[in-house]
Amino acid sequence: MKSLVQFTILIAALSTTIGCRNNSNNPDTTPEPEAVVFAKGADVGWITEMEAAGVKFYDNSGTEKECMQLLKEKGINSIRLRAWVNPVKGWNNTKDLVVKSKRAKNLGMKLMIDFHYSDDWADPGKQAIPAAWAKMNLIEMQTALFNYTRSVMDTLKLNGINPDWVQVGNETNDGMLWEVGRASKSMANFASLISSGYNAVKAVNPNTPVIVHLSNGHDNGLFRWMFDGLKANGAKWDIIGMSLYPTWAQGGIDAWATTNAKCLANMNEMISRYNTPVMVVEVGMPNDQPEKSKAFLTDIITKTKEIPNGKGLGVFYWEPQSYKKWQGYGLGAFDDTGKPTIAMDAFLEK
(Lines give C-alpha, C1' and ligand atoms only; values in the text may rest on other atoms or scores of the structure.)
Protein backbone atom coordinates (compact mmCIF):
# COMPACT_ATOMS: atom_id res chain seq x y z
CA MET A 1 0.00 0.00 0.00
CA LYS A 2 2.86 2.34 0.90
CA SER A 3 4.49 1.67 -2.48
CA LEU A 4 1.24 2.50 -4.30
CA VAL A 5 0.95 5.81 -2.42
CA GLN A 6 4.56 6.70 -3.21
CA PHE A 7 4.00 5.85 -6.87
CA THR A 8 0.86 8.03 -6.99
CA ILE A 9 2.71 10.99 -5.44
CA LEU A 10 5.57 10.56 -7.91
CA ILE A 11 3.21 10.57 -10.90
CA ALA A 12 1.46 13.71 -9.60
CA ALA A 13 4.78 15.48 -9.15
CA LEU A 14 5.89 14.56 -12.66
CA SER A 15 2.56 15.74 -14.09
CA THR A 16 2.93 19.09 -12.34
CA THR A 17 6.47 19.50 -13.63
CA ILE A 18 5.51 18.63 -17.20
CA GLY A 19 2.49 20.92 -17.00
CA CYS A 20 4.69 23.83 -15.91
CA ARG A 21 7.10 23.20 -18.76
CA ASN A 22 4.29 23.25 -21.30
CA ASN A 23 2.60 26.35 -19.86
CA SER A 24 3.16 29.29 -22.21
CA ASN A 25 2.67 31.69 -19.30
CA ASN A 26 5.64 30.23 -17.44
CA PRO A 27 8.23 33.03 -17.30
CA ASP A 28 10.98 30.46 -17.68
CA THR A 29 9.70 29.38 -21.10
CA THR A 30 8.21 32.54 -22.61
CA PRO A 31 10.61 33.69 -25.36
CA GLU A 32 12.21 37.07 -24.90
CA PRO A 33 11.12 39.67 -27.45
CA GLU A 34 13.75 40.38 -30.08
CA ALA A 35 15.77 43.44 -29.11
CA VAL A 36 15.38 46.43 -31.40
CA VAL A 37 18.81 47.46 -32.65
CA PHE A 38 19.40 51.20 -32.67
CA ALA A 39 20.46 52.15 -36.19
CA LYS A 40 23.88 53.77 -36.42
CA GLY A 41 23.86 54.45 -40.11
CA ALA A 42 25.64 55.90 -43.10
CA ASP A 43 24.27 56.98 -46.45
CA VAL A 44 26.89 55.89 -48.99
CA GLY A 45 25.10 56.39 -52.30
CA TRP A 46 28.30 57.80 -53.80
CA ILE A 47 30.40 54.74 -53.01
CA THR A 48 30.43 52.96 -56.40
CA GLU A 49 30.93 56.24 -58.25
CA MET A 50 33.85 57.15 -55.98
CA GLU A 51 35.44 53.75 -56.44
CA ALA A 52 35.08 54.00 -60.23
CA ALA A 53 36.93 57.32 -60.03
CA GLY A 54 39.80 55.64 -58.16
CA VAL A 55 39.04 56.99 -54.70
CA LYS A 56 40.56 54.86 -51.92
CA PHE A 57 39.66 54.51 -48.24
CA TYR A 58 41.96 53.76 -45.32
CA ASP A 59 41.64 52.91 -41.66
CA ASN A 60 43.36 55.06 -39.08
CA SER A 61 46.56 52.99 -39.31
CA GLY A 62 46.75 53.65 -43.05
CA THR A 63 45.61 50.23 -44.26
CA GLU A 64 43.41 50.36 -47.37
CA LYS A 65 39.93 49.00 -46.69
CA GLU A 66 36.68 48.41 -48.53
CA CYS A 67 34.54 51.36 -47.47
CA MET A 68 31.49 49.58 -46.04
CA GLN A 69 33.71 47.23 -44.04
CA LEU A 70 35.66 50.22 -42.73
CA LEU A 71 32.43 51.94 -41.69
CA LYS A 72 31.28 48.76 -39.95
CA GLU A 73 34.51 48.74 -37.96
CA LYS A 74 33.62 52.29 -36.90
CA GLY A 75 30.30 51.17 -35.43
CA ILE A 76 28.02 51.61 -38.43
CA ASN A 77 25.38 48.87 -38.54
CA SER A 78 23.02 50.27 -41.22
CA ILE A 79 23.40 51.57 -44.77
CA ARG A 80 21.15 54.03 -46.61
CA LEU A 81 21.07 54.15 -50.42
CA ARG A 82 19.22 56.45 -52.81
CA ALA A 83 17.20 55.29 -55.81
CA TRP A 84 16.89 57.42 -58.96
CA VAL A 85 14.50 56.55 -61.76
CA ASN A 86 16.64 56.97 -64.90
CA PRO A 87 19.85 58.89 -64.11
CA VAL A 88 21.89 60.01 -67.11
CA LYS A 89 25.15 58.50 -65.83
CA GLY A 90 23.58 55.38 -64.35
CA TRP A 91 24.66 55.92 -60.75
CA ASN A 92 21.86 55.18 -58.27
CA ASN A 93 19.70 53.44 -60.86
CA THR A 94 18.21 50.07 -59.96
CA LYS A 95 21.22 48.08 -61.17
CA ASP A 96 23.65 50.19 -59.15
CA LEU A 97 21.30 50.06 -56.17
CA VAL A 98 21.28 46.25 -56.20
CA VAL A 99 25.09 46.10 -56.31
CA LYS A 100 25.43 48.33 -53.25
CA SER A 101 22.55 46.67 -51.41
CA LYS A 102 24.15 43.25 -51.79
CA ARG A 103 27.40 44.55 -50.36
CA ALA A 104 25.62 45.95 -47.33
CA LYS A 105 23.61 42.80 -46.69
CA ASN A 106 26.68 40.57 -47.14
CA LEU A 107 28.25 42.50 -44.27
CA GLY A 108 25.21 41.89 -42.10
CA MET A 109 24.13 45.53 -42.24
CA LYS A 110 20.56 46.75 -42.11
CA LEU A 111 19.38 48.59 -45.23
CA MET A 112 17.32 51.68 -45.99
CA ILE A 113 16.21 52.51 -49.55
CA ASP A 114 15.59 56.20 -50.25
CA PHE A 115 13.32 56.78 -53.27
CA HIS A 116 13.91 60.27 -54.68
CA TYR A 117 11.31 59.84 -57.45
CA SER A 118 13.50 61.81 -59.80
CA ASP A 119 16.27 61.17 -62.31
CA ASP A 120 18.64 63.20 -60.14
CA TRP A 121 18.79 64.89 -56.74
CA ALA A 122 15.55 65.65 -54.96
CA ASP A 123 15.68 67.97 -51.93
CA PRO A 124 13.80 70.98 -50.50
CA GLY A 125 14.91 73.17 -53.41
CA LYS A 126 14.17 70.80 -56.27
CA GLN A 127 11.80 67.90 -56.86
CA ALA A 128 12.03 67.34 -60.61
CA ILE A 129 9.67 64.89 -62.29
CA PRO A 130 11.50 62.02 -64.04
CA ALA A 131 11.74 62.68 -67.78
CA ALA A 132 9.65 59.60 -68.57
CA TRP A 133 6.80 60.90 -66.38
CA ALA A 134 6.93 64.53 -67.49
CA LYS A 135 3.68 64.59 -69.46
CA MET A 136 1.61 62.56 -67.00
CA ASN A 137 -1.39 63.82 -65.08
CA LEU A 138 -1.86 63.01 -61.40
CA ILE A 139 -3.60 59.67 -61.92
CA GLU A 140 -0.99 58.50 -64.41
CA MET A 141 1.78 59.64 -62.08
CA GLN A 142 0.30 57.74 -59.15
CA THR A 143 0.33 54.60 -61.28
CA ALA A 144 3.87 55.19 -62.54
CA LEU A 145 5.15 55.81 -59.02
CA PHE A 146 3.47 52.66 -57.72
CA ASN A 147 4.78 50.51 -60.57
CA TYR A 148 8.32 51.90 -60.32
CA THR A 149 8.47 51.46 -56.54
CA ARG A 150 7.12 47.92 -56.76
CA SER A 151 9.53 47.06 -59.57
CA VAL A 152 12.56 48.16 -57.55
CA MET A 153 11.30 46.34 -54.46
CA ASP A 154 10.65 43.20 -56.52
CA THR A 155 14.12 43.38 -58.08
CA LEU A 156 15.73 43.68 -54.66
CA LYS A 157 13.65 40.75 -53.40
CA LEU A 158 14.67 38.58 -56.36
CA ASN A 159 18.25 39.29 -55.32
CA GLY A 160 17.57 38.16 -51.78
CA ILE A 161 17.22 41.64 -50.34
CA ASN A 162 14.34 42.87 -48.21
CA PRO A 163 15.05 46.43 -47.05
CA ASP A 164 14.65 47.14 -43.36
CA TRP A 165 13.18 50.60 -44.10
CA VAL A 166 12.00 52.43 -47.22
CA GLN A 167 11.70 56.16 -47.72
CA VAL A 168 9.04 57.40 -50.13
CA GLY A 169 10.44 60.76 -51.19
CA ASN A 170 13.56 62.64 -50.09
CA GLU A 171 13.40 65.82 -48.00
CA THR A 172 9.85 66.47 -49.15
CA ASN A 173 9.41 69.78 -47.27
CA ASP A 174 7.01 70.97 -49.98
CA GLY A 175 6.05 67.67 -51.51
CA MET A 176 7.61 66.01 -54.55
CA LEU A 177 7.21 65.65 -58.31
CA TRP A 178 6.67 69.39 -58.79
CA GLU A 179 4.37 70.97 -59.72
CA VAL A 180 1.89 68.10 -59.63
CA GLY A 181 2.82 67.01 -56.11
CA ARG A 182 3.84 70.35 -54.58
CA ALA A 183 2.30 70.25 -51.10
CA SER A 184 1.74 74.00 -50.73
CA LYS A 185 -0.18 73.93 -54.00
CA SER A 186 -2.14 70.71 -53.31
CA MET A 187 -1.55 68.69 -50.16
CA ALA A 188 -4.11 66.21 -51.47
CA ASN A 189 -2.00 65.53 -54.56
CA PHE A 190 1.13 65.02 -52.50
CA ALA A 191 -0.71 62.75 -50.06
CA SER A 192 -1.97 60.61 -52.93
CA LEU A 193 1.58 60.16 -54.23
CA ILE A 194 2.84 59.21 -50.77
CA SER A 195 0.01 56.68 -50.61
CA SER A 196 1.06 55.19 -53.95
CA GLY A 197 4.60 54.68 -52.69
CA TYR A 198 3.44 53.33 -49.35
CA ASN A 199 1.07 50.84 -50.98
CA ALA A 200 3.75 49.66 -53.43
CA VAL A 201 6.21 48.93 -50.63
CA LYS A 202 3.58 47.04 -48.65
CA ALA A 203 2.51 45.06 -51.74
CA VAL A 204 5.98 43.50 -51.86
CA ASN A 205 6.67 43.27 -48.14
CA PRO A 206 3.88 44.25 -45.72
CA ASN A 207 6.34 44.32 -42.82
CA THR A 208 8.75 46.90 -44.26
CA PRO A 209 8.38 50.23 -42.40
CA VAL A 210 7.81 53.26 -44.65
CA ILE A 211 9.40 56.62 -43.87
CA VAL A 212 8.25 60.11 -44.86
CA HIS A 213 11.27 62.41 -44.70
CA LEU A 214 11.64 66.18 -44.25
CA SER A 215 14.74 68.28 -43.72
CA ASN A 216 15.30 70.77 -40.88
CA GLY A 217 14.55 68.42 -38.01
CA HIS A 218 14.71 71.38 -35.65
CA ASP A 219 11.71 73.09 -37.34
CA ASN A 220 8.62 71.89 -35.50
CA GLY A 221 6.30 74.20 -37.44
CA LEU A 222 7.32 72.63 -40.75
CA PHE A 223 6.74 69.10 -39.45
CA ARG A 224 3.36 69.91 -37.92
CA TRP A 225 2.17 71.55 -41.14
CA MET A 226 3.28 68.64 -43.28
CA PHE A 227 2.12 65.71 -41.18
CA ASP A 228 -1.16 67.37 -40.19
CA GLY A 229 -1.78 67.86 -43.91
CA LEU A 230 -0.85 64.30 -44.85
CA LYS A 231 -2.99 62.87 -42.08
CA ALA A 232 -5.97 65.01 -43.07
CA ASN A 233 -5.65 63.69 -46.62
CA GLY A 234 -5.46 60.02 -45.72
CA ALA A 235 -1.75 59.36 -46.23
CA LYS A 236 0.00 56.69 -44.16
CA TRP A 237 3.52 56.35 -42.86
CA ASP A 238 5.28 54.21 -40.26
CA ILE A 239 8.23 56.42 -39.32
CA ILE A 240 8.90 60.15 -39.48
CA GLY A 241 12.39 60.81 -40.84
CA MET A 242 14.33 64.03 -40.55
CA SER A 243 17.59 65.63 -41.63
CA LEU A 244 19.69 67.66 -39.21
CA TYR A 245 22.50 69.89 -40.45
CA PRO A 246 23.63 72.57 -37.95
CA THR A 247 25.51 74.30 -40.78
CA TRP A 248 22.21 75.49 -42.22
CA ALA A 249 20.30 76.01 -38.97
CA GLN A 250 20.04 79.30 -37.08
CA GLY A 251 23.39 80.08 -35.45
CA GLY A 252 25.30 77.66 -37.67
CA ILE A 253 27.69 74.99 -36.45
CA ASP A 254 28.57 76.85 -33.26
CA ALA A 255 24.94 76.55 -32.17
CA TRP A 256 24.73 72.79 -32.75
CA ALA A 257 23.67 72.13 -29.14
CA THR A 258 20.66 74.43 -29.51
CA THR A 259 19.80 72.82 -32.85
CA ASN A 260 19.96 69.35 -31.29
CA ALA A 261 17.74 70.43 -28.39
CA LYS A 262 15.14 71.76 -30.84
CA CYS A 263 15.33 68.53 -32.82
CA LEU A 264 14.76 66.46 -29.69
CA ALA A 265 11.73 68.56 -28.77
CA ASN A 266 10.39 68.10 -32.30
CA MET A 267 10.96 64.34 -32.21
CA ASN A 268 9.09 64.02 -28.94
CA GLU A 269 6.15 66.00 -30.28
CA MET A 270 6.02 63.95 -33.50
CA ILE A 271 5.81 60.80 -31.37
CA SER A 272 3.04 62.13 -29.15
CA ARG A 273 1.12 63.94 -31.90
CA TYR A 274 1.06 61.11 -34.45
CA ASN A 275 1.99 58.05 -32.37
CA THR A 276 4.86 57.51 -34.80
CA PRO A 277 8.51 56.56 -34.16
CA VAL A 278 11.19 58.91 -35.45
CA MET A 279 14.57 58.55 -37.08
CA VAL A 280 17.30 61.05 -37.97
CA VAL A 281 18.10 59.79 -41.48
CA GLU A 282 20.67 62.47 -42.38
CA VAL A 283 23.24 64.41 -40.40
CA GLY A 284 26.47 66.14 -41.35
CA MET A 285 29.10 68.57 -40.07
CA PRO A 286 32.23 70.07 -41.66
CA ASN A 287 34.94 67.43 -41.93
CA ASP A 288 37.62 70.00 -41.08
CA GLN A 289 36.09 70.43 -37.60
CA PRO A 290 36.14 66.83 -36.37
CA GLU A 291 36.09 67.60 -32.64
CA LYS A 292 32.96 69.70 -32.97
CA SER A 293 31.44 67.12 -35.30
CA LYS A 294 32.05 64.31 -32.79
CA ALA A 295 30.45 66.33 -29.99
CA PHE A 296 27.42 67.04 -32.19
CA LEU A 297 27.09 63.38 -33.22
CA THR A 298 27.53 61.99 -29.73
CA ASP A 299 24.84 64.33 -28.45
CA ILE A 300 22.23 63.68 -31.15
CA ILE A 301 22.82 59.90 -31.01
CA THR A 302 22.40 59.96 -27.22
CA LYS A 303 19.29 62.15 -27.38
CA THR A 304 17.65 59.96 -30.03
CA LYS A 305 18.57 56.69 -28.36
CA GLU A 306 17.19 57.82 -24.99
CA ILE A 307 13.75 58.77 -26.32
CA PRO A 308 11.26 56.79 -24.18
CA ASN A 309 9.90 53.41 -25.27
CA GLY A 310 12.48 52.97 -28.02
CA LYS A 311 10.67 55.42 -30.31
CA GLY A 312 13.94 57.02 -31.46
CA LEU A 313 15.12 54.47 -34.01
CA GLY A 314 18.49 55.70 -35.24
CA VAL A 315 20.87 58.30 -36.66
CA PHE A 316 22.44 58.21 -40.15
CA TYR A 317 25.45 60.24 -41.35
CA TRP A 318 25.08 61.41 -44.93
CA GLU A 319 28.08 60.38 -47.08
CA PRO A 320 30.65 60.31 -44.25
CA GLN A 321 33.24 58.72 -46.56
CA SER A 322 33.39 61.76 -48.85
CA TYR A 323 36.65 63.69 -48.64
CA LYS A 324 38.63 66.33 -50.52
CA LYS A 325 35.22 67.91 -51.08
CA TRP A 326 34.04 65.16 -53.40
CA GLN A 327 31.56 66.78 -55.80
CA GLY A 328 31.87 69.97 -53.74
CA TYR A 329 30.60 68.38 -50.51
CA GLY A 330 32.53 69.32 -47.38
CA LEU A 331 30.40 67.76 -44.63
CA GLY A 332 31.90 64.28 -44.64
CA ALA A 333 33.70 62.64 -41.74
CA PHE A 334 36.94 61.54 -43.44
CA ASP A 335 40.10 63.65 -43.69
CA ASP A 336 41.94 64.52 -46.89
CA THR A 337 44.07 61.37 -46.67
CA GLY A 338 40.99 59.14 -46.89
CA LYS A 339 40.92 58.16 -43.20
CA PRO A 340 37.97 58.53 -40.79
CA THR A 341 38.19 61.53 -38.49
CA ILE A 342 37.47 61.23 -34.76
CA ALA A 343 33.90 62.27 -35.58
CA MET A 344 33.21 58.68 -36.61
CA ASP A 345 34.18 57.47 -33.15
CA ALA A 346 30.82 58.79 -31.95
CA PHE A 347 29.24 55.70 -33.52
CA LEU A 348 31.47 53.40 -31.45
CA GLU A 349 30.24 54.76 -28.15
CA LYS A 350 27.58 52.83 -26.25
N260 versus D299, side-chain donor and acceptor atoms under 3.5 Å | yes
May I ask you to say whether K56 pairs ionically with E51, meaning some side-chain N is under 4.0 Å from a carboxylate O?
-> no
When clusters are formed from ILVMFWY side-chain contacts under 4.5 Å, directly or step by step, what else is grouped with W178?
-> none
Sorted by chain and number, sequence neighbours left out, salt bridge (Lys or Arg N to Asp or Glu O under 4.0 Å) with D254 holds for K292
Residues R82 and D114 bridged, charged N to O under 4.0 Å | no
Determine, step by step, whether K185 and D174 satisfy the salt bridge (charged side-chain N to carboxylate O under 4.0 Å, His left out) criterion, reporting the C-alpha distance in whole Å, the side-chain angles of both residues, the deciding distance to 0.1 Å, and the verdict.
-> CA-CA 9 Å; K185 183 177 179 181; D174 194 14; over 6 Å; no
Would you mind checking if K135 and E140 are paired as a salt bridge, meaning a charged N to carboxylate O distance below 4.0 Å?
-> no
Pair K294 + E291, salt bridge at N-O below 4.0 Å | no
Only residue of W121, Y148, W91 satisfying ring pair (Phe, Tyr, Trp, His ring centres under 6.0 Å) with W84 is W121
Should D164 and K105 count as an ion pair when the cut-off is N to O under 4.0 Å?
-> yes
Using links of under 4.5 Å between side-chain heavy atoms of ILVMFWY residues, direct or through other members, which residues join I211 in one cluster?
-> M112, W165, I239, M279, V281, L313, F316
Would you mind telling me which of V44, V283, I76, L71 makes a side chain to side chain contact (heavy atoms under 4.5 Å, CB included) with Y317?
-> V283
May I have all residue pairs that pass salt bridge (Lys or Arg N to Asp or Glu O under 4.0 Å) and include part of residues 322-332, sequence neighbours excluded?
-> none
Flag the pair K89 and E49 as a salt bridge only when some basic side-chain nitrogen lies within less than 4.0 angstrom of an acidic carboxylate oxygen.
-> no
For E319 and Q321, does a side-chain donor sit closer than 3.5 Å to a side-chain acceptor?
-> yes
Give a yes or no on whether a salt bridge exists between K126 and E171, defined as a side-chain N under 4.0 angstrom from a carboxylate O.
-> no
Mind checking side chain to side chain contact (heavy atoms under 4.5 Å, CB included) for K262 and listing every partner two or more places apart, or none if nothing turns up?
-> H218, Q250, T258
Between N92 and K100, does any side-chain donor sit less than 3.5 Å from a side-chain acceptor?
-> yes
Return the set of residues passing side chain to side chain contact (heavy atoms under 4.5 Å, CB included) with D335 (not counting sequence neighbours), or none when no residue passes.
-> T337, K339, T341
